[in-house]
Amino acid sequence: MRGCGRGVLGPCFQIAAILLCAGAPVLAQTAGTLTLAEESVALIRGATLYTATQGVRLGDGDILSIDPKGQAQIEFQDGAILNLGQGARAMLISIAPKLNKRGHSEVAVLSGWAKFTQKQSSNGTQYRYFTPRAEIAAVEATAVLNAGKEFTDIFIEAGTVRFSEIGKKGAQKFVRDAKGGEFIVRRDEQPATFAPRPSAEFVKNMPRHFRDDLPVLLDRFKNKGAEPKSEHEVTYAEVEAWLKADSWIRRTFVKRFESRSKNSEFRGKLIENLREHPEWDRVLFPEKYERKDPNGQKSERTGTQQ
């Protein structure tokens with residue numbers, strides 16, 4: 001693999017195309033299973049919020065929000081494990097490698113703590129973990145990361161990963177392999193720094209259960225599953241962090257959440273925060289994009305919906 005991008009703009013715009021199909025409320029395929037859920041785990045599927053419990057099957061496009069005092073663990077069919085803790089927000093972008101022609105699986109971690117571990121599978125599946133400031137690609141590795149809008153800290157516990165810097169517009173800037181024991185820090189648009197061990201602050205703040213190997217629990221759920229409990233259509237507050245993320249992350253959410261713009265409260269918040277997500281202007285004020293013929297009559301809309 002040559003980094004994670006193809007062309008100057010890197011992988012993030014490829015992800016955007018994938019996400020256009022990832023917000024459907026009906027699962028096309030099972031991506032993973034929620035095998036551990038402590039405290040509340042909110043699941044956004046399509047434009048609906050659910051409460052998820054152990055045994056729930058997860059699919060492409062599913063967004064998880066973890067309670068600040070809780071954790072959630074997702075196990076995939078090829079043996080890979082992802083544990084989310086302490087208020088983490090993450091989205092399964094494209095999983096189920098048997099049906100994935102790209103030969104890799106992708107997860108976006110918008111914020112919070114996460115630990116992943118995987119062994120090289122028979123089909124050589126590569127997992128790509130995206131944060132607002134970095135991409136970590138691995139075939140066989142264990143790592144812990146902490147992400148936010150302006151930072152990403154990563155500790156490679158074992159194995160080797162391919163690290164890439166990501167700019168605010170999704171451009172890939174720097175690519176380097178990192179091996180077990182290394183600690184990577186990226187702040188805003190500054191170049192990443194590498195150290196031979198994690199910082200004391202990182203270790204102190206890391207969820208305690210990340211000090212141990214992640215448990216393997218998938219066998220308990222092979223012949224039984226659970227259905228998530230539907231709560232309500234998502235509110236603006238429940239997806240606000242995603243809608244205000246960098247443009248390469250949020251660019252597909254217009255199509256996914258367009259139906260919610262008909263709700264007065266949701267619409268009001270979209271208008272109030274329009275500068276944070278200007279791509280919604282066309283949905284909120286379609287009349288601005290209608291052409292007029294020479295007689296002053298309205299004609300078709302200009303441009304296309306993004």
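With hydrogens and angles disregarded, no donor-acceptor distance shorter than 3.5 Å links the side chain of R162 to the backbone of R128. Of the possible donor and acceptor atoms, one in the side chain of E238 sits under 3.5 Å from a partner among the backbone N and O of T235. Distance alone, capped at 3.5 Å, places no donor-acceptor pair between the D246 side chain and the W248 backbone. The closest donor-acceptor contact from the side chain of N273 to the backbone of E276 lies at 3.5 Å or more, if one exists at all.
E39 CD: more than 12 foreign heavy atoms inside a 6.0 Å radius.
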- request: Report the C-alpha separation of F155 and F183 in whole Å, then their side-chain angles, then the decisive distance to 0.1 Å, and conclude whether the ring pair (Phe, Tyr, Trp, His ring centres under 6.0 Å) test is met.
  value: CA-CA 5 Å; F155 170 56; F183 180 57; 7.1 Å; no

- request: Walk me through it: do R267 and K262 pass the test side chain to side chain contact (heavy atoms under 4.5 Å, CB included)?
  value: CA-CA 6 Å; R267 179 184 177 86; K262 297 178 176 61; over 6 Å; no

- request: For the pair F266 and R260, evaluate side chain to side chain contact (heavy atoms under 4.5 Å, CB included) and give the outcome as yes or no after the intermediate values.
  value: CA-CA 6 Å; F266 199 102; R260 298 297 296 133; 3.8 Å; yes

field: Evaluation steps, side-chain hydrogen bond (donor to acceptor under 3.5 Å, both in side chains), between E258 and S261
entry: CA-CA 5 Å; E258 183 175 1; S261 67; 5.7 Å; no

- request: Verify side chain to side chain contact (heavy atoms under 4.5 Å, CB included) between N83 and Q71, making sure each step is shown before the conclusion.
  value: CA-CA 7 Å; N83 189 290; Q71 63 165 306; 2.8 Å; yes

field: N263 and E233: CA distance, side-chain angles, deciding distance, side-chain hydrogen bond (donor to acceptor under 3.5 Å, both in side chains) verdict
entry: CA-CA 10 Å; N263 173 271; E233 294 299 288; over 6 Å; no

message: Under the criterion side chain to side chain contact (heavy atoms under 4.5 Å, CB included), I'd like the reasoning laid out for W113 against V144: C-alpha separation, chi angles, the key distance, then a yes or no.
response: CA-CA 7 Å; W113 288 87; V144 176; 3.9 Å; yes

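F174 and F151 fall into different hydrophobic clusters, where Ile, Leu, Val, Met, Phe, Trp and Tyr are joined by side-chain heavy atoms under 4.5 Å apart, directly or via other members. V283 and V234 fall within the same hydrophobic cluster, where Ile, Leu, Val, Met, Phe, Trp and Tyr residues are linked whenever their side-chain heavy atoms come under 4.5 Å apart, directly or through other members. There is a path of hydrophobic side-chain contacts, each under 4.5 Å, that joins I271 to L243. Residues L284 and Y236 fall within the same hydrophobic cluster, defined by Ile, Leu, Val, Met, Phe, Trp and Tyr side chains chained together at heavy-atom separations under 4.5 Å. The cluster map of Ile, Leu, Val, Met, Phe, Trp and Tyr, joined by side-chain heavy atoms under 4.5 Å apart, puts I63 and V254 in the same cluster.
Remark: T53 OG1 to L36 CG distance equals 12.0 Å, nearest 0.5 Å. Taking CZ from R187 and CG from D153, the interatomic distance works out to 4.0 Å, rounded to the nearest 0.5 Å. Atom CD1 of I136 is separated from atom OH of Y129 by 9.5 Å, given to the nearest 0.5 angstrom. The CZ atom of R186 sits 10.0 Å away from atom CZ of F194, with the distance rounded to the nearest 0.5 Å. Between atom CD of residue Q126 and atom CD of residue Q118 there is a gap of 8.5 Å, rounded to the nearest 0.5 Å. Atoms OG1 and CG, on T51 and L43 in that order, are 9.0 Å from each other to the nearest 0.5 Å.
Minimum heavy-atom separation, A108 to W242: O-CH2, 4.1 Å. Minimum interatomic distance between R45 and L58 (heavy atoms only, all atoms of both residues): NH2-CA, 4.0 Å. When every heavy atom of Q77 is checked against every heavy atom of T33, the shortest pair comes out as NE2-OG1, 4.4 Å. Closest of all the heavy-atom pairs between E150 and R133 is OE1-NH2, 3.5 Å. Of all the heavy atoms in F116 and L145, the pair that sits closest is CE2-CD2, 4.5 Å. Nearest heavy atom pair, residue I81 against residue F76, reads N-CD1, 4.5 Å.
D78 has its side chain within reach of Y127: a pair of non-hydrogen atoms, C-beta onward, lies under 4.5 Å apart. Counting heavy atoms from C-beta on, the side chains of Q73 and L82 never come closer than 4.5 Å. Side-chain contact between K149 and I249: absent, with no pair of heavy atoms (C-beta onward) separated by less than 4.5 Å. Taking 4.5 Å as the limit, some side-chain heavy atom of L274 sits within range of a side-chain heavy atom of D281. Using a 4.5 Å heavy-atom cutoff, the side chains of V109 and R89 are not in contact. In this structure, E75 and V216 have side chains that are in contact, with non-hydrogen atoms separated by less than 4.5 Å. Side-chain contact between I74 and T35: absent, with no pair of heavy atoms (C-beta onward) separated by less than 4.5 Å. In this structure, the side chains of E165 and F163 come closer than 4.5 Å at one or more pairs of heavy atoms.
Ion pair E157/K115 flagged as a salt bridge, since at least one NZ, NE, NH1 or NH2 atom sits closer than 4.0 Å to an Asp/Glu carboxylate oxygen. Residues R282 and E287 are not paired through a salt bridge, judged by the lack of any N-O separation under 4.0 Å between the basic side chain and the carboxylate. Salt bridge absent: E38 and K69 never bring a charged side-chain N and a carboxylate O closer than 4.0 Å. Ion pair E240/K244 flagged as a salt bridge, since at least one NZ, NE, NH1 or NH2 atom sits closer than 4.0 Å to an Asp/Glu carboxylate oxygen.
Between F257 and F253, the two ring planes are tilted [angle within 30° to 60°].
Judged as a ring pair (Phe, Tyr, Trp, His ring centres under 6.0 Å), and not counting sequence neighbours, F210 has no contacts. Not a single ring pair (Phe, Tyr, Trp, His ring centres under 6.0 Å) links F285 to another residue, sequence neighbours left out.
Screening residues 192-219 for salt bridge (Lys or Arg N to Asp or Glu O under 4.0 Å) gives D219-K222 as the qualifying pairs, with residues at least two apart or on separate chains.
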